[in-house]
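Note sheet for the following structure.
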Amino acid sequence: MLRTLYLKFFEEKNHSIISSASLLPENDPTVLFTTAGMHPLQPFLLGEPHPSGKRLVNCQKCIRTGDIEDVGDSTHLTFFEMLGNWSLGDYFKEEAIEMSWEFLTDPRWLGLDPNKISVTVFEGDEEVPRDEESASIWKKVGIPEKRIYYLPREDNWWGPAGETGPCGPDTEMFFDTGKKKCSSSCQPGCNCGKYFEIWNDVFMSYNKVSENKYEKLKQKNVDTGMGIERTVAVLNDMKTIFEIDTIKPIVDRIVDFTKIDHPNPEQIESVHIIADHIRAATFILGDDKHLTPSNLGQGYVLRRLIRRIIRQGNLLNIKQRFLPVLAQIVIETYKNIYPELENNKSFIIEQLTQEEQKFSTALRKGLRKFNQIYSQTGTITAKDAFLLFTSFGFPLEITLELAAEKNLEIDLDKFKQEFEGHRDLSRKATEGTFQSGLADHSSRTTRLHTATHLLQQALREVLGEHVQQRGSNITSERTRFDFTHSQKLSREELKAVEDLVNQKIQEALPVKKVIMKPSEAKKQGALGFFDDRYEENVSVYSVGDFSKEICTGPHVRNTSEIKHFIIQKQQNIGTGLIRIRATIE
Ligand code: SER
C-alpha cells in the first residue's frame, strides 16, 4: 500500500508522522477547504516551531473544487489524499531530492525503473534565479541531463495555497507511462498523458505578501506532495483513477444501483461524478466540525456536491435513495486511517439522508418547472436560473448543465445581478419602515417572520383549528406570537409544535407570493384575521402546501433559510390568549 510505504520510509528518515488536519481550514479565510498537505502547516513554514519537530510526514485529506467540471473523466477528483514530507528549516534541496529518488527507485520502496523518470526544475525569472542547484543534484543521483527540463513559473513554482503565504520554486518528477508522444514537442508538463507527474518537491523559501510581492522566508523549507489516487492508478497501469482499490467498490455499487449491464460513456461519466462527489461529501460531513449543507460558502460547496450526486443518479435512473449506502462504503474503506469518519458516522448518514430527501422531490418538481419554462419561452434566462435556485434549490451549475443539454447559454453576469439584487433588497429593507409587525427587515427578521407562519400552522395542526393569531411582534432576536387557546400547552404539545416547524424547515419548502382579492384568498383557505384592514388586493404567501396566509411580507424564499427553530417560552396572557416566544439559530 502506497500510503503505508511512504509513511514508513520517511519515519525511517527521522520524520514524525502527524495526522491529517481538518478539511475545513482554521484561521485561513482565503480558502474554503484544505487543498494540500502544506496548507495547515503554513504557520510552521513561516517560522513557528512545530510541536512534532522539524521533519514531518503525513497523509492529508484534501478538497480541490477548481476542476469540478472535469470530474467524470479518467483523472480528475475533488477529494483526494496527498502524501507529503516536510522540512521546517531542516534539510533542503539535496537531501529532499535524494530521498525522493530513493523512495521512487529503490527496490525496497517503489522500485520504479529509473529510466522512466524525468524531472523539471524552475527556469528562473527576474525575481528568482534558475534552479541550477536542483538540476545538478538530479544529475548526481542519476538522471541524465536530457531528462531534466527547465520550465517557467507557471509550471515550476508552487503556492501559496491561498492568496498569500509561503511558496517557492519546485522540482517535479514525472513517470513515463509508455504512451506515444502526442507531438514532437511533447515533454514533461504536457497534459496528453504520456508523462505523469508523480511527485512535487517545493523549496519553500519565499513568502508572498501581496500581489507580485515576495519576501525571503527566515527558514528554508521543503514541502512535497504526492497525490495517492493518481499515483496508484498510474503505477498499476490502470486506465482510470476509478479502478483503484479505494474507489472501485463505490463505482461497482453505483453500477449495481443503475441496473445497467453495459453503461455507455455518458453513463460512465455520471457514475464517476457520483463516486467522486460521495467521497468528498462523506469526508466533509465526517469532519469533526460538523459542517452542514447550506447556501453559503463551504456549506454551499457541500450542498452542490450532494445535489449533483442526486441529479446524476436521476440521469442514471436510480430510483431508490442511495447516498447513505455509498457513504457507508467510503466510511468502511477509510475508517482505520481517518477514525473521525466512524465517529461521525451517524451525522454523515443523517445529513445525507435529509439532503437527499429534500432535494429528490425538489429536483423532480424543478425539472418540471425547467421544462415548462423552456417549452413556453424557448429559453432559460438568468432570472429563471435564479428562480430555480431559490425555489427548487438548484445549484447554478445544475441549471447550467441542463441548459447546455439544450444548447442554451445563461448570462452569468445577469444571474449574479439577480443574486446581488436579492441581497440588496434585504439590506435596503433593514433601513425600511415598520410593516407586518416587523421591527426591521434584516434577513434574520425575515427568517423569523416565515418561521412565525410555520408556527401558526403547526399550532393549528397540533392543537386544532380554533387557533387564531391575535398579534405578533418580531425583532431580529425573536418572534412573539399571541393566539387563541384556553390553556398553556403541555411539554409534549410544545415539542410537537417545535418539531413540526423544524420538519418544515428541513423540507426546504418554497415560499410563494400571489396577489389576489381578499375574497379569493379566503376561498383558498388563506389565514387572515384582520379583514377590515385589507385593501382591494392582498398578497397571499404560501409555504409549500403547509401554510397559506394573507400577509405583506417579506419572507424567505425557501424555508431551509430559517435553519432551526426554537420555542423559548410560553405565557398565559389571559382571556383565552397564549403567547409564545421563539427564536431561530
Ligand atoms: N504543496 C505542493 C503540492 O500540492 C507540494 O506538496 O503539490
Side-chain angles (χ1 to χ4, degrees), residues 2-3 6-7 9-10 15 17-21 23 25 28 30-46 50 54-67 75-93 95-97 99-101 103-104 119-122 128 131 134 151 153-175 188-189 191 195-208 214 217 219-232 234 241:
L2 180 63
R3 190 190 301 104
Y6 190 96
L7 297 176
F9 175 82
F10 283 100
H15 288 63
I17 301 181
I18 55 171
S19 55
S20 172
L23 268 176
D28 186 349
T30 64
V31 283
L32 291 177
F33 294 99
T34 299
T35 55
M38 60 73 68
H39 194 176
L41 293 172
Q42 289 182 95
F44 311 104
L45 293 162
L46 291 171
H50 191 286
K54 293 183 168 180
R55 291 179 174 225
L56 309 173
V57 61
N58 89 346
C59 179
Q60 172 67 45
K61 37 186 189 175
C62 301
I63 296 263
R64 289 187 189 177
T65 52
D67 291 337
T75 58
H76 283 91
L77 294 174
T78 56
F79 169 80
F80 61 96
E81 294 180 273
M82 186 180 273
L83 293 163
N85 56 287
W86 290 274
S87 153
L88 303 173
D90 192 50
Y91 58 84
F92 202 47
K93 294 183 182 177
E95 211 174 329
I97 290 177
M99 286 191 288
S100 291
W101 182 248
F103 183 71
L104 290 178
V119 299
T120 59
V121 294
F122 183 52
V128 178
D131 193 0
S134 292
L151 294 181
R153 193 177 271 260
E154 61 197 64
D155 295 289
N156 278 66
W157 183 276
W158 204 92
E163 283 153 25
T164 54
C167 54
D170 67 39
T171 176
E172 300 179 8
M173 289 146 262
F174 288 82
F175 180 74
N191 284 329
Y195 297 102
F196 170 80
E197 185 201 327
I198 210 167
W199 204 350
N200 182 12
D201 288 0
V202 187
F203 302 118
M204 279 199 166
S205 37
Y206 293 87
N207 184 17
K208 183 174 179 185
Y214 297 85
L217 282 174
Q219 66 189 32
K220 290 178 173 172
N221 307 291
V222 176
D223 151 45
T224 91
M226 178 189 274
I228 291 199
E229 290 82 353
R230 286 190 185 191
T231 305
V232 169
V234 167
I241 208 161

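This one's a predicted model, so the numbers in the text were calculated from it and none came from an experiment. Remember, it's 1-based here, ligands and their atoms both numbered in the order they're listed.
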Parallel, tilted or perpendicular: ring planes of Phe10 versus Phe103, cut at 30 and 60 degrees: tilted
Of all protein heavy atoms, the one nearest atom 7 (O) of ligand 1 is Asn200 ND2, 3.2 Å
Arg153 charged N/C atom sitting above Tyr206 aromatic ring, 6.0 Å / 45°: no
I'd like to check which ligand 1 atoms, numbered from 1 as shown, lie under 4.0 Å from a non-hydrogen atom of Gly225. 5 (C), 6 (O)
One pair to check against side-chain contact (heavy atoms from CB on, under 4.5 Å): Glu172 and Leu151. What are the steps and the verdict? CA-CA 10 Å; Glu172 300 179 8; Leu151 294 181; over 6 Å; no
Testing the basics here: between Thr231 and Phe196, what is the closest heavy-atom pair and its distance to 0.1 Å? N-CZ, 3.8 Å
Closest to atom 4 (O) of ligand 1 by heavy-atom distance, out of Arg64, Gln60, Met226, His39, is Arg64
So Phe203 and Ile97, side-chain contact (heavy atoms from CB on, under 4.5 Å) or not? Walk me through it. CA-CA 10 Å; Phe203 302 118; Ile97 290 177; 4.1 Å; yes
Any heavy atom of Thr35 under 4.0 Å from ligand 1? The part involved is neither
Atoms in ligand 1 with a heavy atom of Ala36 nearer than 4.0 Å: 4 (O)
Near Val202, which atoms of ligand 1 are under 4.0 Å from a heavy atom of that residue? 2 (C), 5 (C)
Could you list the atoms of ligand 1 found under 4.0 angstrom from a heavy atom of Met38? 1 (N)
shortest atom 1 (N) of ligand 1-to-protein heavy-atom contact is with Asp223 OD2, 2.9 Å
Would you please say whether a donor-acceptor pair under 3.5 Å links the side chains of Asn85 and Thr224? yes
